[in-house]
Amino acid sequence: MKEDATALNLATTERALDAVDTFALRIGVPTHSQVELAFKRAIDVAAALTIYTVGAPVLAAIALMVKITSRGPVFFRQIRLGKDGKPFVFYKFRTMQHNSDDAVHRNFAQRFINGHMDGDHSRPYKMVRDPRVTLFGAFLRKTSLDELPQFWNVLRGEMSLVGPRPPIAYELAHYQEWHKDRLKAKPGLTGLWQVSGRSMVPFDEMVMLDLHYIANWSLALDLKIILKTFPVLLRGEGAY
């Protein structure tokens with residue numbers, strides 16, 4: 001099953017990987033030295049502390065705007081799955097009406113994961129015009145500023161700057177077994193998918209990009225992905 005999916009998606013996935021100037025595709029989980037992992041963790045902590053010190057006025061302004069533009073809490077909390085499927089509390093600035101029904105996203109997630117979206121590489125694979133999203137929330141999503149509280153998850157060690165995006169628990173019900181391999185790494189704020197087309201990439205290719213990252217991880221690759229994330233943000237391509 002895994003080999004068939006790999007062969008099926010190899011050509012299109014390699015085109016997406018061109019965004020980071022790499023074409024070799026290896027699926028596996030290599031071992032890394034404690035020194036490499038310590039450096040990755042140190043970079044994560046340094047980035048999170050910088051955001052929460054230098055960026056404190058921006059965070060405060062966003063929190064105030066969320067509070068005065070819609071009723072409800074400033075932060076959106078949700079259980080996501082981290083490395084090896086371990087659950088953790090995931091934080092974002094709230095972008096939707098408080099206590100919104102998640103049925104809309106559940107339906108979207110099922111269709112996206114099962115490859116039932118009416119899209120191709122010229123149309124996006126993402127939910128648009130979500131009626132639950134507030135006016136200010138739409139701005140936050142467009143600029144990815146809603147993601148800033150996740151630096152708290154990074155500081156806590158639940159996430160990293162770079163890695164696969166953490167899934168919601170109910171999404172796993174629609175995963176094929178080989179999809180679950182993306183849970184072998186700590187989730188990240190950005191990753192290969194985000195710099196390789198994001199909403200233009202269907203789910204199977206997103207997973208292939210995650211598996212490629214896991215198999216080929218290095219500090220140099222992390223740096224390359226981080227640098228390529230900024231142009232993506234400037235183009236206003238929202239996060240998943």
Side-chain angles (χ1 to χ4, degrees), residues 36-83 86-100 102 105 126 130 132-168 185-195 198-199 213 219-240:
E36 289 178 303
L37 296 176
F39 265 112
K40 183 176 175 68
R41 178 60 183 152
I43 293 170
D44 288 343
V45 171
L49 291 176
T50 299
I51 288 293
Y52 285 132
T53 52
V54 178
V58 174
L59 293 166
I62 294 173
L64 179 62
M65 287 297 296
V66 170
K67 196 65 179 176
I68 67 178
T69 55
S70 62
R71 301 178 64 178
V74 168
F75 298 107
F76 172 72
R77 299 171 176 85
Q78 185 179 55
I79 301 298
R80 296 279 183 116
L81 301 181
K83 188 176 185 297
K86 182 179 179 180
F88 68 96
V89 180
F90 174 89
Y91 294 91
K92 297 176 71 173
F93 281 120
R94 182 174 56 82
T95 60
M96 297 185 294
Q97 300 292 342
H98 185 43
N99 289 330
S100 294
D102 67 358
H105 184 268
K126 69 176 183 179
D130 187 338
R132 303 171 300 166
V133 178
T134 67
L135 185 61
F136 185 62
F139 165 76
L140 293 179
R141 289 188 173 200
K142 184 73 172 177
T143 57
S144 292
L145 290 172
D146 61 320
E147 308 286 342
L148 289 176
Q150 288 162 46
F151 279 98
W152 177 244
N153 294 120
V154 172
L155 200 57
R156 287 167 57 92
E158 297 156 337
M159 294 180 63
S160 180
L161 291 182
V162 183
R165 290 298 288 170
I168 306 170
K186 185 181 292 187
L189 289 171
T190 187
L192 271 180
W193 174 57
Q194 286 88 335
V195 300
R198 301 178 84 167
S199 61
Y213 172 78
L219 293 174
L221 180 58
D222 273 6
L223 178 59
K224 186 176 290 188
I225 291 171
I226 290 169
L227 292 176
K228 286 183 175 290
T229 298
F230 292 108
V232 171
L233 295 177
L234 291 175
R235 291 194 296 269
E237 298 176 7
Y240 172 65

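Numbers for residues simply follow the sequence, beginning at 1.
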Between [X] and [Y] (side chain of the first, backbone of the second, donor and acceptor by atom type, cut-off under 3.5 Å), is there such a pair?
X      : Y      : answer
Arg77  : Val89  : no
Arg80  : Phe90  : no
Lys186 : Val154 : no
Tyr52  : Pro149 : yes
Arg94  : Met96  : yes
Glu147 : Ser144 : no
Lys67  : Ile62  : no

So, Asp222 and Tyr213: side-chain donor and acceptor under 3.5 Å apart, yes or no?
->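 Indeed, the side chains of Asp222 and Tyr213 share at least one donor-acceptor pair under 3.5 Å.
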Quick one: do the Asp44 and Ser160 side chains pair a donor with an acceptor below 3.5 Å?
->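 Yes, a side-chain donor-acceptor pair sits under 3.5 Å.
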Over 12 foreign heavy atoms within 6.0 Å of CD1, Ile68 =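 Count over threshold, so yes.
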Is the Phe76 to Tyr91 ring centre distance short of 6.0 Å?
-> no
Between Pro73 and Val66, which heavy-atom pair has the shortest distance, and what is it?
-> O-CG1, 4.1 Å
Hey, mind stepping through Ile225 and Leu192 against side chain to side chain contact (heavy atoms under 4.5 Å, CB included) and telling me if it holds?
-> CA-CA 7 Å; Ile225 291 171; Leu192 271 180; 4.0 Å; yes
